> 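My questions all concern the structure below.
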There are 2 protein chains.
Amino acid sequence: MRLSTKGRYGVMAMYRLAVNYEAGTTSLKDIAEDLDYSDAYLEQMFAILKRERLITSHRGPKGGYRLAKNPYDITIGEVIRALEGPIEFSSCVGGTENYDCKRSSLCVTKEIWEKINDSINSVIDYITLGDLLDKYNKNFNKAKRS
Amino acid sequence: MRLSTKGRYGVMAMYRLAVNYEAGTTSLKDIAEDLDYSDAYLEQMFAILKRERLITSHRGPKGGYRLAKNPYDITIGEVIRALEGPIEFSSCVGGTENYDCKRSSLCVTKEIWEKINDSINSVIDYITLGDLLDKYNKNFNKAKRS
DNA sequence: CTATATTCCGAGTGGAATAGTAGGGAATAT
DNA sequence: ATATTCCCTACTATTCCACTCGGAATATAG
């Protein structure tokens, strides 16, 4: 019951794009090297993120990827759901391929799984890539001050 | 990023034991048949739950399992963590076998995963098996009334 | 004492998912 | 032209999941 590397790598990479958002595009290779991820693997995530219109791409030298929107308009939830599908703590509830447990109307636990889904979603839908940028600056300034 | 059947089956089975808590022991076979689970598989969960001292067992005819404590003193969180290990939305944070991402002190996403872990835990640690019993009675009465 | 009902225990297994590799093709800035 | 970048599809090794199987230990009823 855990995020796969897809979600984790994806969020980290999107943060990288957020950092460079004003400057322009960033190449996959740079990000992969910087984060020490396999570039061929990260490529698959970028393909999904592009399909979901969270990033844009440009080929050729000086090409690369860029966020499709302002970092403050992209939530962590959008990124995670794009890469991992809808949050679905238990297979009974929340996703597309719901397992139908026959007595779901009587099931005493269904409500628990729904509550958990909601609580996860409310965390990830509240945080934007822009928030992460702010957080970094805060830490950066803190480090400078001390 | 989902509960395995272990957690789901486990909570359902523990609820069954909660229903029968006053009456005494319940055999694994009865629960497995009632819930339509594989009994040999459910057995493995009961072994864990027993090891974690959430249930007691008694062998021989008229034997079976029973909650080790009052249903109101067992949270869903205890059951889930016993069966699935600690809540760990991302492998960076929360569990035993933490993946060390080298720059974890600078990592902007770490805090997100911690928040998610906390929010899941606060849901499941708040609900007891006794609460589920109450919920069932409420639904039962509602059904009777209509 | 014996037959039976139950828990206990360890090992094995098929399929799905994860976490990648590999390799070539297409666009484009210089 | 050519180097650089994205684009696309297929393949693979490993791990995890959801079981299955066989039998031993133990308690109860008759």
Side-chain angles (χ1 to χ4, degrees), chain A residues 1-10 12-13 16-17 20 24-68 80 83-85 88 90-91 95 97 99 101, chain B residues 1-10 12-13 17 20 24-33 35-68 83-85 88 90-92 95 97 99 101:
Chain A
M1 162 214 45
R2 178 191 292 176
L3 209 61
S4 72
T5 51
K6 264 198 179 122
R8 193 154 46 89
Y9 289 9
M12 288 297 285
R16 257 9 190 227
L17 293 184
N20 282 15
T25 61
T26 318
S27 79
L28 183 117
K29 193 159 153 280
D30 285 352
I31 295 177
E33 268 174 17
D34 196 18
L35 294 173
D36 198 32
Y37 297 162
S38 148
D39 55 345
Y41 187 41
L42 191 58
E43 208 174 87
Q44 295 174 23
M45 279 142 248
F46 275 26
I48 297 170
L49 292 167
K50 196 193 168 185
R51 201 174 62 222
E52 300 290 325
R53 305 196 182 286
L54 293 174
I55 59 177
T56 58
S57 63
H58 194 71
R59 288 204 265 203
K62 298 280 168 189
Y65 295 92
R66 191 172 184 234
L67 297 185
I80 290 178
L83 293 166
E84 308 246 2
E88 186 180 14
S90 169
S91 53
E97 26 143 4
Y99 162 69
C101 66
Chain B
M1 160 213 44
R2 176 192 294 179
L3 208 61
S4 71
T5 51
K6 265 198 180 123
R8 192 154 45 88
Y9 289 10
M12 287 298 283
L17 293 184
N20 283 14
T25 60
T26 318
S27 79
L28 180 102
K29 194 160 153 275
D30 284 353
I31 296 178
E33 268 173 18
L35 294 173
D36 198 32
Y37 296 162
S38 147
D39 55 345
Y41 186 42
L42 192 58
E43 205 174 275
Q44 292 175 21
M45 279 141 245
F46 275 26
I48 297 170
L49 292 166
K50 195 193 168 184
R51 201 174 61 223
E52 300 291 324
R53 305 197 183 285
L54 293 174
I55 58 178
T56 57
S57 63
H58 195 70
R59 288 204 264 203
K62 299 279 168 187
Y65 294 92
R66 192 172 184 236
L67 297 185
L83 293 166
E84 309 247 2
E88 187 179 16
S90 168
S91 54
C92 316
E97 28 146 1
Y99 162 70
C101 66

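Here the structure is a predicted model, which is why all the values come from computation and not from measurement. Order of the sequence lines sets the chain letters (A, B, ...), proteins ahead of strands, with each chain counted from 1.
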> Mind checking if A:Tyr65 touches a base, just sugar-phosphate, or nothing, with heavy atoms under 4.0 Å?
sugar-phosphate
> Any side-chain N or O of B:Lys50 below 4.0 angstrom from OP1/OP2 of C:dC8?
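Yes, within the criterion.
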> From C-beta outward on A:Pro61, which listed nucleotide comes closest to its side chain: D:dA3, C:dA19, D:dC7?
D:dA3
> To the nearest angstrom, how far is B:Phe46 atom CZ from C:dG10 atom C1'?
20 Å
> To the nearest 0.5 Å, what is the distance between CZ on B:Arg66 and NE2 on B:His58?
12.0 Å
> Report the residue (A:Gly64 or A:Gln44) whose heavy-atom-nearest nucleotide on DNA chain D is the more 5′ of the two.
A:Gly64
> When both hydrogen-bonding distances must be under 3.5 Å and the geometry is Watson-Crick or G-U wobble, what is D:dA18 paired with, if anything?
C:dT13
> Taking only side-chain N and O atoms of B:Lys29, does any of them lie within less than 4.0 angstrom of OP1 or OP2 on C:dT6?
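For C:dT6, neither OP1 nor OP2 has a side-chain N or O of B:Lys29 closer than 4.0 Å.
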> Whole-Å distance between D:dC16 P and B:Glu88 CD?
12 Å
> Angle class for the A:Tyr9/A:Tyr41 ring planes (parallel below 30°, perpendicular above 60°, tilted otherwise)?
perpendicular
> Could you state the CD1-P distance from B:Ile31 to C:dT6, rounded to the nearest angstrom?
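About 12 Å, once rounded to whole Å.
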> How do A:Gly60 and A:Glu43 order along DNA chain C: which one's closest nucleotide is nearer the 5' end?
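Upstream on the strand: A:Glu43.
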> I want to verify a distance call: between C:dA19, D:dC8, C:dT21, whose nearest atom is closest to the A:Ser38 side chain?
C:dT21
> B:Tyr37 has an atom OH; how far is it from atom C1' of D:dC17, in whole Å?
16 Å
> Can you figure out which of C:dT6, D:dT28, D:dA18 approaches the side chain of B:Arg59 most closely?
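Output: C:dT6.
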> Whole angstrom is fine here: how far is it from CZ in B:Arg51 over to C1' in C:dC9?
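That distance rounds to 12 Å.
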> If you round to the nearest 0.5 Å, how far is CG of A:Leu35 from CG of A:Leu42?
7.5 Å
> Specify the separation, in whole Å, of atom CG of A:Leu49 and atom P of D:dC7.
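Interatomic distance, CG of A:Leu49 to P of D:dC7: 12 Å.
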> Of all the nucleotides listed (D:dT20, C:dA5, C:dT18), which has the minimum atom distance to the side chain of B:Ala40?
D:dT20
> Could you work out which one of D:dT5, C:dT21, C:dT7 sits closest to the side chain of A:Ser27?
D:dT5
> Does a side-chain N or O of A:Ser57 approach OP1 or OP2 of D:dC7 to a distance below 4.0 Å, or not?
yes
> Nearest whole Å is fine: how far is D:dA18 P from B:Asp36 CG?
16 Å
> Ignoring the backbone of A:His58, work out which of D:dT28, C:dA29, D:dC21 is nearest its side chain.
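Of the candidates, C:dA29 comes closest.
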> How many angstroms lie between atom CG of A:Asp39 and atom CD1 of A:Ile31, to the nearest 0.5 angstrom?
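With rounding to 0.5 Å, CG (A:Asp39) is 11.0 Å from CD1 (A:Ile31).
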> Classify the angle between the aromatic ring planes of B:Tyr65 and B:Phe46 as parallel (below 30°), tilted (30 to 60°) or perpendicular (above 60°).
perpendicular
> Taking the side chain of B:Tyr41 as its heavy atoms from C-beta onward, which of D:dA18, C:dC8, D:dA27 lies nearest to it?
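Of the candidates, D:dA18 comes closest.
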> Provide, to the nearest angstrom, the distance between the CG atom belonging to A:Leu28 and the C1' atom belonging to D:dT4.
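One finds 13 Å between C1' of D:dT4 and CG of A:Leu28, rounded.
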> At what distance, to the nearest 0.5 angstrom, does CD1 of B:Ile48 lie from CD of B:Glu84?
9.0 Å
> Is there a side-chain contact between B:Tyr9 and the phosphate of D:dC19, meaning an N or O under 4.0 Å from OP1 or OP2?
yes
